[in-house]
Amino acid sequence: MKPLKLLKLQSVLAGAIAIAFCLIALSSYAQGKKTLTLATSPDYPPYEYKDTAVSGNEIIGFDIDIAKYITQELGYELKVIGMDFNGLIPALQAGRADLVMAGMTPTAERKKNVDFSDLYYEAKNTIVANKGSNFTKAEDLVAKKVGVQLGSIQQEAVKKMTGVQAIPLNKIPDIIQEIKSNRIAAGVIEDTVAAGYAAANPDLEFNTIPNTEESGSAIAFPKNSKLVPEFNRVLKQMKDSGKIKELATKWFSRPIAQETDPANTPAPSPKLGLDFGKIGPNLPYILGGIGVTLTFTLLSAFLGFLWGIVLSLFKISSIKPLAWFGNAYTSIFRGTPLILQLTLVYFATPQLTGYNISALQAGVITFFLNSGAYISETIRAGIQAVDKGQKEAAESLGVPYKQMMGDIILPQALKNILPALVNESIALLKDSALVSVIGVEDLLRRATIVGAEKYIYFEPLIFVGAIYYLMVLSLTWGANVLERRLQTSS
């Protein structure tokens, strides 16, 4: 009888998961067959970034304009998705994107994994450092820590500099902040990007250095992609007609850091000062992340709670295979990093199943599977803490197992473990920020996007930190109210 009840409960859970999965997936089927997906890292102005105060959530920039022109000429629709730079090539390999444009240089190592178009723009590397550092050549960086973007051509260039310690960081704003914090001596980034940061940060300087090898930007495609010759043909037309030069003039000649309000650009703040007025026009965009964060957290918590109940029943079951499965599952998910589980689900699912899982889907699935492992231990402990006499009395009265667990045991267990469940929910809410690494535009990712757009770091992060704190306080207050009511009703 018990196995049958467990199977029914498991079926209900599977149905709930399937419904949630389908609701999230609806948008995945909206694209037509003629749509190409472009993956980029929108923290690299003026190549690709977001002017959230003007264009909202749209990714704009030099690369995006080129991509739009080419796809329009070839009769394709273009869909642009954002993610961290070091995830772009894996996205191509996993079939998540048809092409990548992110100021990417076609190095020999990258060519082993993806195909490239012809170069469409050549740029130079520059050393960015605090004003007065006078780092004008590679030899000046000997015995110093130098920041580079993870997976970039600059990382490879600095590795080849004798006696220089390369410090890989995820984003360009991270490099700038590390320089200003004096944790690294300098950073090596592209000249067009360095110019914007130096203009927005008067305490910085940059100096161009000779490239040690051919350097330039090209479009990346999956291996053996049939799009390469088509794109090369249009790129040649754009070069011959002067279109590339026109777009370069448009994007590399304007003051991106001040374009939202050039007439009223405030004077530079003190080095340790904060100016929250800079992010004022971007607040609607940042606040839009609250809905994404809460939706993700609620879905993950609800499904994780249901899955945790199933796992806890497995663990206390007298059926050995079920008990073994529950304990092994918990051991695996508690013994591996959450971010590893997240990236595996996101990048491996398309390769293993052929289904192009969205970033939000991957996040919800990973988090409820992981959360279920922790919640199951809490519920199991709560069930076993209920007086055995309750179970024995119910069995002696002939109460069915399902009714006994649902009406007698679980309510008492949940009342006892409510504080632990609240702690798990709070942890889930805060850990939800991890989904920003795969491109979900939650609060944290929106803050980093605004930081890259405004060439600042602390202000947007402090602002979203305050939002997270208020949400946690609200959750804690609600849990305390519920706990008092449960105690009153007992």
Side-chain angles (χ1 to χ4, degrees), residues 1-22 299-338 340-342 344-345 348-349 352-353 355 357 361-362 364-425 427-428 486:
M1 189 68 180
K2 291 181 182 180
L4 180 60
K5 300 299 182 182
L6 288 174
L7 287 174
K8 287 182 178 179
L9 183 57
Q10 194 173 13
S11 299
V12 172
L13 174 63
I17 294 172
I19 291 172
F21 193 92
C22 292
L299 273 174
S300 301
F302 174 70
L303 296 175
F305 178 70
L306 294 181
W307 182 226
I309 292 176
V310 174
L311 287 174
S312 64
L313 295 178
F314 280 3
K315 291 175 183 179
I316 63 175
S317 172
S318 58
I319 304 174
K320 296 299 182 183
L322 293 181
W324 179 88
F325 172 82
N327 290 320
Y329 178 95
T330 300
S331 176
I332 292 171
F333 275 86
R334 292 200 305 180
T336 54
L338 178 56
L340 173 64
Q341 299 164 15
L342 180 63
L344 282 176
V345 171
T349 300
L352 297 177
T353 67
Y355 175 68
I357 189 172
Q361 283 177 299
V364 170
I365 291 172
T366 304
F367 271 73
F368 96 70
L369 291 176
N370 180 277
S371 178
Y374 289 89
I375 291 176
S376 68
E377 282 294 280
T378 302
I379 295 176
R380 178 190 61 79
I383 291 174
Q384 292 180 336
V386 176
D387 193 322
K388 290 184 179 180
Q390 302 275 350
K391 180 180 179 182
E392 292 170 354
E395 290 176 341
S396 66
L397 294 172
V399 177
Y401 180 79
K402 177 181 177 181
Q403 186 177 352
M404 176 187 68
M405 292 301 298
D407 296 340
I408 301 174
I409 305 299
L410 278 177
Q412 296 182 67
L414 292 176
K415 179 180 175 181
N416 294 331
I417 64 175
L418 182 61
L421 291 178
V422 171
N423 284 336
E424 177 62 25
S425 299
L428 185 62
L486 288 175

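The residues of the chain are indexed from 1 along the displayed sequence.
Residue Tyr355 comes nearest to Gln361 through the heavy atom pair OH-NE2, 2.9 Å, listed as atom of the first residue, atom of the second, then distance. Here the shortest heavy-atom pairing between Lys315 and Ala323 reads O-CB, 4.1 Å. Ile375 approaches Gly308 most closely through the heavy-atom pair CG2-CA, 4.3 Å. In terms of heavy-atom proximity, Ile379 sits nearest to Ser312 at CG2-OG, 3.4 Å. Considering every non-hydrogen atom in both Phe333 and Ala373, the closest pair reads CB-CB, 3.8 Å.
The CG atom of Leu299 lies 11.0 Å from the CD1 atom of Ile365; values are rounded to the nearest 0.5 Å. Residue Ser425 holds its OG atom at 9.5 Å from CZ of Phe305, rounded to the nearest 0.5 Å. Atoms CD1 and CG, from Ile316 and Leu311 in turn, are 11.5 Å apart once rounded to the nearest 0.5 Å.
Here the two rings, on Tyr329 and Trp324, have centers that are 6.0 Å apart or farther.
No donor-acceptor distance shorter than 3.5 angstrom exists from the side chain of Gln341 to the backbone of Asn370, with no hydrogens or angles considered. For the pair Ser376 (side chain) and Gly372 (backbone), a donor-acceptor distance under 3.5 Å is present.
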Could you walk me through whether Thr330 and Glu377 satisfy the side chain to side chain donor-acceptor pair (under 3.5 Å) test, starting with their C-alpha distance in whole Å, then the side-chain angles of each, then the deciding distance to 0.1 Å, before giving a yes or no?
CA-CA 8 Å; Thr330 300; Glu377 282 294 280; 4.9 Å; no
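Scanning for side-chain hydrogen bond (donor to acceptor under 3.5 Å, both in side chains) contacts around Ser331 gives an empty result, with sequence neighbours left out. The salt bridge (charged side-chain N to carboxylate O under 4.0 Å, His left out) check on Glu424 picks up nothing, with sequence neighbours excluded.
Just one of Leu369, Leu340, Ile357 meets the side-chain contact (heavy atoms from CB on, under 4.5 Å) condition when paired with Val345; it is Ile357.
The closest side-chain heavy-atom distance from Phe368 to Leu306 is not below 4.5 Å. Put simply, the side chain of Trp307 does not reach to within 4.5 Å of the side chain of Leu303, judged on heavy atoms.
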